[in-house]
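Data block below; observations after.
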Amino acid sequence: MRVSILFSVVFSAVTAFAVPTNSTVTPRACGTTISAAQIAAAEQHFATFGSSFGDSSDFAASIPVYWHVIASGTALNQGYIPDSQITSSIDVINKAYAGSGVSFYLAGTDRTINSSWFTTAGPSNSQQTAMKNQLRQGGANALNVYSVGFQSGAGSGLLGYATFPSDYSRSPKDDGVVILYSSVPGGSTSSYNLGHTLTHEAGHWVGLYHTFQGGCASPGDYVDDTPAEQSATSGCPASKTSCGSADPIHNYMDYSTDACMTEFTPGQWARLKSQMNTYRGTSV
């Protein structure tokens, strides 16, 4: 079983760094390939073999990040992003995960000119498999980030996708996060260019589901302190209620615009600690 999380975005003409204030911005459309049965099986395994840290603060995991820049040429609009945007991306996710016990540091950067990978790499296709088989570095605790163009084929229009911790033992080379190159801080994808595509996808990589997983039905995202949510949030509404309580529209694991995303919950931190310890070999 291979589990991938992905979501897509259609580019708008809004000026870069514009702050959306309502839900009229083009939403991220979920295209997850994980089924309810697959989730149930994964959660049964986790319940049986998982290690629990609860809300303890004695967990610390320093995650090496290997960034693979995939481009069709050496121009910025061909995906050849500079070191400064990569460094800013690491800063953004460290601020987002501050207090979780997880921190990230850039362990290496490489650049590959490959038009096929840049244009067509997408979930489960041959281009992304070849890309990851050739470039992935480190073990289960290493976050490999691939920035690509998502211009055609299986990846057309995507903003990003990721694997879960429990996937690693089955497909270690497939492990990692693939993001749109222009979603990094200062990128050209309006409303999604503050770096939180990586924050969101890294959330899956450390073991978190979407806040709207399962809709209003229990157990939802398997985190007690994220309110149930019927569907993904679009844009950044002033408020939204879908399951009898205020939706977690500011949570990094919803689909709000980057400027709207501001928080994880203690329950999400507890889950990621247990997931990381169980499947990625991190420990206190």
Side-chain angles (χ1 to χ4, degrees), residues 2-14 16 25-34 65-82 85-86 88-89 92-93 109-136 143-164 173-205 210 232 234 252 255-258 261:
R2 179 187 182 278
V3 180
S4 294
I5 291 293
L6 55 94
F7 58 104
S8 65
V9 62
V10 179
F11 299 154
S12 68
V14 181
V25 176
T26 301
R28 313 179 196 238
C30 181
T32 178
T33 60
I34 187 168
V65 178
Y66 295 95
W67 196 295
H68 311 287
V69 176
I70 311 301
S72 60
T74 57
L76 180 59
N77 65 2
Q78 294 176 306
Y80 208 82
I81 60 175
Q85 288 187 318
I86 295 172
S88 293
S89 296
V92 166
I93 59 173
T109 303
D110 55 67
R111 289 176 166 81
T112 301
I113 306 297
N114 187 311
S115 295
S116 178
W117 293 355
F118 175 77
T119 303
T120 62
S124 301
N125 71 11
S126 60
Q127 288 80 13
Q128 78 103 39
T129 299
M131 175 182 74
K132 289 180 174 181
N133 284 344
Q134 179 173 320
L135 298 177
R136 194 187 185 284
L143 174 58
N144 281 251
V145 178
Y146 305 83
S147 52
V148 302
F150 290 138
Q151 293 179 351
S152 65
S156 181
L158 298 183
L159 197 58
Y161 63 96
T163 57
F164 289 112
K173 281 290 189 179
D174 191 49
D175 184 66
V177 164
V178 185
I179 64 169
L180 181 66
Y181 79 94
S182 53
S183 70
V184 296
S188 60
T189 303
S190 299
S191 301
Y192 305 99
N193 58 358
L194 301 182
H196 289 315
T197 292
L198 181 56
T199 303
H200 179 101
E201 297 302 346
H204 295 311
W205 187 83
H210 294 131
S234 174
Y252 290 115
Y255 273 11
S256 307
T257 53
D258 275 15
M261 291 180 165

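Since this is a predicted model, take the numbers as computed values, not measurements.
- Across every non-hydrogen atom of Gly79 and Val69, the tightest pair is O-CG1, 3.3 Å.
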Report task. Might you work through the side chain to side chain contact (heavy atoms under 4.5 Å, CB included) test for Met131 and Ile70, ending with a clear yes or no? Result -> CA-CA 9 Å; Met131 175 182 74; Ile70 311 301; 3.7 Å; yes

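- Nearest heavy-atom pair across Asn193 and Gly187 is ND2-O, 2.9 Å.
- Taking CD from Gln128 and OG from Ser116, the interatomic distance works out to 12.0 Å, rounded to the nearest 0.5 Å.
- Separating the OG1 atom in Thr197 from the CG atom in Leu159 is a distance of 3.5 Å, to the nearest 0.5 Å.
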Practice problem: Carefully, step by step, assess Tyr66 and Leu143 under the rule side chain to side chain contact (heavy atoms under 4.5 Å, CB included). | Solution: CA-CA 6 Å; Tyr66 295 95; Leu143 174 58; over 6 Å; no

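- Nearest heavy atoms, Pro82 versus Leu76: CD-CD1, 3.9 Å.
- Using a distance-only test at 3.5 Å, with no hydrogens or angles considered, no donor-acceptor pair links the side chain of Gln127 to the main chain of Trp117.
- Here the rule is side-chain contact (heavy atoms from CB on, under 4.5 Å) with Val65, and of Val177, Val145, Ile86, Leu198 only Val145 fits it.
- Using modelled atom types and a 3.5 Å distance limit, the side chains of Asn144 and Trp67 yield no donor-acceptor pair.
- Under a 3.5 Å cut-off, the side chain of Ser156 and the backbone N or O of Gly153 do not form any donor-acceptor pair.
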Kindly indicate, with the supporting measurements, whether the criterion ring pair (Phe, Tyr, Trp, His ring centres under 6.0 Å) is fulfilled by His200 and Tyr255.
CA-CA 9 Å; His200 179 101; Tyr255 273 11; 5.7 Å; yes

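- Residue pairs that meet the salt bridge (charged side-chain N to carboxylate O under 4.0 Å, His left out) test with at least one member in residues 109-127, sequence neighbours left out, are Asp83-Arg111.
- Note that NZ of Lys173 and CZ of Arg136 are 7.5 Å apart. Values are rounded to the nearest 0.5 Å.
- When atom types are taken as modelled, the side chain of Ser147 and the backbone of Leu180 share no donor-acceptor pair closer than 3.5 angstrom.
- Between Thr189 and Ser182, the side chains place a donor N or O and an acceptor N or O closer than 3.5 Å (distance only, hydrogens not considered).
- Using a 4.5 Å cut-off on side-chain heavy atoms (C-beta onward), Leu194 and Val92 make no contact.
- You'll find the side chain of Val178 stays beyond 4.5 Å of the side chain of His68, heavy atoms only.
- Here the side chain of Asp174 pairs no donor or acceptor atom with the backbone of Thr129 at under 3.5 angstrom.
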Between Phe118 and Phe150, is a ring pair (Phe, Tyr, Trp, His ring centres under 6.0 Å) present by the stated rule, with each step listed?
-> CA-CA 7 Å; Phe118 175 77; Phe150 290 138; 9.2 Å; no

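- Looking at Ile179 and Tyr146, their side chains never come closer than 4.5 Å, going by heavy atoms from C-beta outward.
- The side chain to side chain donor-acceptor pair (under 3.5 Å) contacts involving residues 72-81 comprise nothing, where partners must be two or more places apart or lie in separate chains.
- Nearest heavy atoms, Pro185 versus Ser89: CD-OG, 3.2 Å.
- Remark: Tyr252 engages His196, Phe264 in a ring pair (Phe, Tyr, Trp, His ring centres under 6.0 Å) (not counting sequence neighbours).
- With contacts defined as side-chain heavy-atom distances shorter than 4.5 Å, the pair Gln151/Thr120 does not qualify.
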Item to check | Audit row: Leu158, Tyr161, side chain to side chain contact (heavy atoms under 4.5 Å, CB included) steps and yes/no | outcome: CA-CA 8 Å; Leu158 298 183; Tyr161 63 96; 4.1 Å; yes

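- Between the side chain of Asn125 and the backbone N or O of Gly122, at least one donor-acceptor pair lies under 3.5 Å.
- Contact check for Thr257 versus Tyr192: side-chain heavy atoms found under the 4.5 Å cut-off.
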